[in-house]
Asker: 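I'd like to ask some things about the structure below.
Every chain is numbered from 1, with letters handed out A, B, ... down the list of sequences.
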2 protein chains.
Amino acid sequence: MLQRLRHAEITRRVRTSGATSVRDLATQLGVSPSTIRRDLEVLDRDGTLRRVRGGALPCADADAERPFADVAATDEQDKEAVATRAAELVRDGDVVLLDIGTTTMCLARRLRGRRVIVVTSSLAVLDVLRSDPVVELLLLGGMLRRPYHSLVGVLTEAALCQVVADRLFLGASGVRPDGQLVDTTIAEVPLKRSMISAARQVVLLADRHKFPGTGALRVCGPEDVDVVVTNEGADEPTLRACAAAGAEVLLT
Amino acid sequence: MLQRLRHAEITRRVRTSGATSVRDLATQLGVSPSTIRRDLEVLDRDGTLRRVRGGALPCADADAERPFADVAATDEQDKEAVATRAAELVRDGDVVLLDIGTTTMCLARRLRGRRVIVVTSSLAVLDVLRSDPVVELLLLGGMLRRPYHSLVGVLTEAALCQVVADRLFLGASGVRPDGQLVDTTIAEVPLKRSMISAARQVVLLADRHKFPGTGALRVCGPEDVDVVVTNEGADEPTLRACAAAGAEVLLT
DNA sequence: GCAGTGCCCGCACAAACATGCAAGATTGCG
DNA sequence: CGCAATCTTGCATGTTTGTGCGGGCACTGC
């Protein structure tokens, strides 16, 4: 078995079964405990997992950084519907600011061939629009965050200061009952705030499962959002809270 | 069995069966392990698959379009040699600034797995390093220029102002007999100058066909270049002009 | 304090690797 | 067609890297 494969397999087992012992891994993979220890050492150094006496534990922030493909697959229908509705808000000639995430990626697909300027820090959006000859694409710089296919950091925010957009399409990991937007990853929050300041109109893209959704970090309140695009079946009280704060709610 | 056919067959097997060992491929295809290793080497360099000890893994972004395949093919051997030599100049922990172009893309391949911070405005470099878990990648922002797979504009230069790099690896479309660097595309020239200011050491990557090469736009003089990496057979007088201006010349 | 377990370290062996070289295959040209 | 230049391939070389094992040591639980 290739060393590389073994590393991947160990990572998978630790992730799925929680804690895993050196002995079990050794017998299950048919190698000596020494080998497992050495493997765990490098995986621990990589930050892939946490080494403890007798075995290994999944790393706390590892499952926060869920693989992009998994997330993209969840609630795909709803996200597509939201993206389709959102695309109708875009006018020719617009400067469109796209947040990171799978929903905005879907929206980007619908902007292909449109005469718009897209500004983004999302590499998923870049992938979608890279070969399109019509759309002008302005990529914000920043440090690459591989699991999110995004760019973050001071460079990204500095670049945003030089941008004025007609419309921002914002993602979020959740909307709380009082209409506040929340997220899970600390690095993205200041960036989202900067994007909000840079845009004339803020459109929230959130499929119905985002109500309430997960996340403990406050991004902004409902008063910062001009339009909410979501699906039928989203939590009614939350939607009313958004509407009460002045947001227009669009259902698909 | 012909080499080309074997390459295709290896690619197919790696793609379908996930991971494949050198030994298995050798026995199954009826050739020696050395041959397989050589095949895997070129396929890895092409970005078709990823080489690991003992075998090869399918490349995640393999079906993503191969950046400027046609340009990259010209003088490929020479460029690869230049890139290999240049990679030896990089030290662990370096902040490496990579210009756009095919030669720097080759260099980026050789930085995979190295503990370095790569700063670039090249999407080709992004493609190469995007899935590498070790290299830190800082992408400069900017307007997408599709034919060049690069980012340019005020955003790019503004981002560069906030960067200090240990080494810049600079491309050029030509070096004139007096050692001046020239280029063909006006949008890139100010960017190259900014990169030169942002780096402590400037390394010019130019295969032997770049002497004299084409281009009417002056980028900088030989005095701005610290190291020139090129091939045996590059125009001697030009090299002497570079050396006279204080540049160290490395031949492959 | 005393097993028992897991770990670190050094060593030995094996597998995989890079390199140089020579024989065979292929191509190009006269 | 013949010959030379080039490329490809397999093998032998020495080197690097991964793996397994055993002894001494540290930590844990009784």
Side-chain angles (χ1 to χ4, degrees), chain A residues 1-11 13-14 17-46 48-58, chain B residues 1-11 13-14 17-46 48-58 73-81 83-88 92 106 109-115 133-134 208 231-233 251-252:
Chain A
M1 188 188 215
L2 298 180
Q3 188 189 29
R4 186 87 199 193
L5 278 182
R6 209 178 47 230
H7 285 186
E9 180 62 19
I10 290 174
T11 306
R13 294 198 183 221
V14 171
S17 26
T20 318
S21 77
V22 171
R23 193 157 19 88
D24 292 353
L25 285 171
T27 53
Q28 286 167 21
L29 301 181
V31 293
S32 80
S34 319
T35 305
I36 296 294
R37 289 199 187 94
R38 276 182 279 240
D39 289 340
L40 294 183
E41 187 186 350
V42 316
L43 290 172
D44 177 57
R45 211 172 39 219
D46 288 354
T48 314
L49 45 75
R50 261 188 55 210
R51 183 77 166 90
V52 293
R53 188 182 175 80
L57 298 174
Chain B
M1 188 186 227
L2 259 58
Q3 191 185 27
R4 283 288 160 78
L5 279 181
R6 210 177 47 232
H7 284 187
E9 180 62 18
I10 290 174
T11 306
R13 293 198 182 222
V14 171
S17 25
T20 320
S21 75
V22 171
R23 195 158 16 90
D24 292 354
L25 285 170
T27 53
Q28 286 167 22
L29 301 181
V31 293
S32 80
S34 321
T35 306
I36 297 294
R37 276 189 259 274
R38 275 182 280 241
D39 290 340
L40 293 184
E41 186 185 352
V42 316
L43 290 172
D44 177 58
R45 212 168 44 209
D46 288 355
T48 313
L49 46 75
R50 268 192 54 208
R51 184 77 165 90
V52 293
R53 188 183 174 81
L57 299 174
T74 61
D75 314 323
E76 195 173 340
Q77 304 274 341
D78 292 325
K79 285 177 182 177
E80 297 285 354
T84 303
R85 183 71 186 86
E88 295 168 11
D92 274 13
C106 294
R109 289 214 189 92
R110 285 161 179 77
L111 296 180
R112 281 200 277 228
R114 295 280 303 268
R115 203 172 55 74
V134 180
R208 59 197 174 90
N231 314 104
E232 299 276 359
L251 295 175
T252 65

Asker: Please state how far atom CG in B:Leu29 lies from atom P in D:dT9, giving the value in whole angstrom units.
Answerer: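 Atom CG in B:Leu29 sits about 11 Å away from atom P in D:dT9.
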Asker: According to side-chain contact (heavy atoms from CB on, under 4.5 Å), who are the partners of B:Thr84, at least two apart in sequence or on a separate chain?
Answerer: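 By the side-chain contact (heavy atoms from CB on, under 4.5 Å) rule, B:Thr84 matches B:Arg110.
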Asker: Taking CZ from B:Arg6 and P from D:dT9, how many angstroms apart are they, rounded to a whole number?
Answerer: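 Roughly 4 Å, once rounded to whole Å.
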Asker: What does the B/S/- profile of nucleotides 13-24 of chain C look like, 5' to 3', with a 4.0 Å heavy-atom cutoff to protein?
Answerer: --BBB-------
Asker: For B:Arg51, check salt bridge (Lys or Arg N to Asp or Glu O under 4.0 Å) against everything at least two apart and list the hits.
Answerer: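 Once residues adjacent in sequence are excluded, B:Arg51 has no partner under the salt bridge (Lys or Arg N to Asp or Glu O under 4.0 Å) criterion.
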Asker: Could you tell me which residues satisfy salt bridge (Lys or Arg N to Asp or Glu O under 4.0 Å) with A:Glu41, sequence neighbours excluded, listed by chain and number?
Answerer: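 Partners of A:Glu41 under the salt bridge (Lys or Arg N to Asp or Glu O under 4.0 Å) test: none.
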Asker: Test of understanding: with salt bridge (Lys or Arg N to Asp or Glu O under 4.0 Å), list the residues that count as partners of B:Arg109, not counting sequence neighbours.
Answerer: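 Checked B:Arg109 against salt bridge (Lys or Arg N to Asp or Glu O under 4.0 Å); zero matches.
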Asker: Using a strict cut-off of less than 4.0 Å between a Lys/Arg side-chain nitrogen and an Asp/Glu carboxylate oxygen, indicate whether B:Asp44 and B:Arg50 qualify as a salt bridge.
Answerer: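 Salt bridge: no.
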Asker: Using side-chain contact (heavy atoms from CB on, under 4.5 Å) as the criterion, list what pairs up with A:Thr27, not counting sequence neighbours.
Answerer: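 Result, side-chain contact (heavy atoms from CB on, under 4.5 Å) vs A:Thr27: none returned.
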Asker: Round to a whole Å and report the spacing from CG of A:Leu40 to P of D:dT19.
Answerer: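 A:Leu40 atom CG is separated from D:dT19 atom P by 13 Å.
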Asker: Once you build an axis from the first five pairs and another from the last five of the helix from C:dG1-D:dC30 to C:dG30-D:dC1, how far apart in angle are they, to 10 degrees?
Answerer: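 One end's axis against the other's: 40°.
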Asker: Who passes side-chain contact (heavy atoms from CB on, under 4.5 Å) against A:Ala8, sequence neighbours left out?
Answerer: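 Listed in chain order: nothing, the list is empty.
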Asker: Could you tell me the separation between the CG atom of B:Leu25 and the P atom of D:dG10, rounded to a whole number of Å?
Answerer: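 For the pair B:Leu25 CG and D:dG10 P, the rounded distance is 13 Å.
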Asker: Suppose we screen for salt bridge (Lys or Arg N to Asp or Glu O under 4.0 Å). Which residues come up paired with B:Arg37, at least two apart in sequence or across chains?
Answerer: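 Per chain and number, B:Arg37 pairs via salt bridge (Lys or Arg N to Asp or Glu O under 4.0 Å) with no residue.
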Asker: Return whichever of B:Asp39 or A:Gln3 has its heavy-atom-nearest nucleotide of DNA chain D closer to the 5' end.
Answerer: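 Final value for this comparison: B:Asp39.
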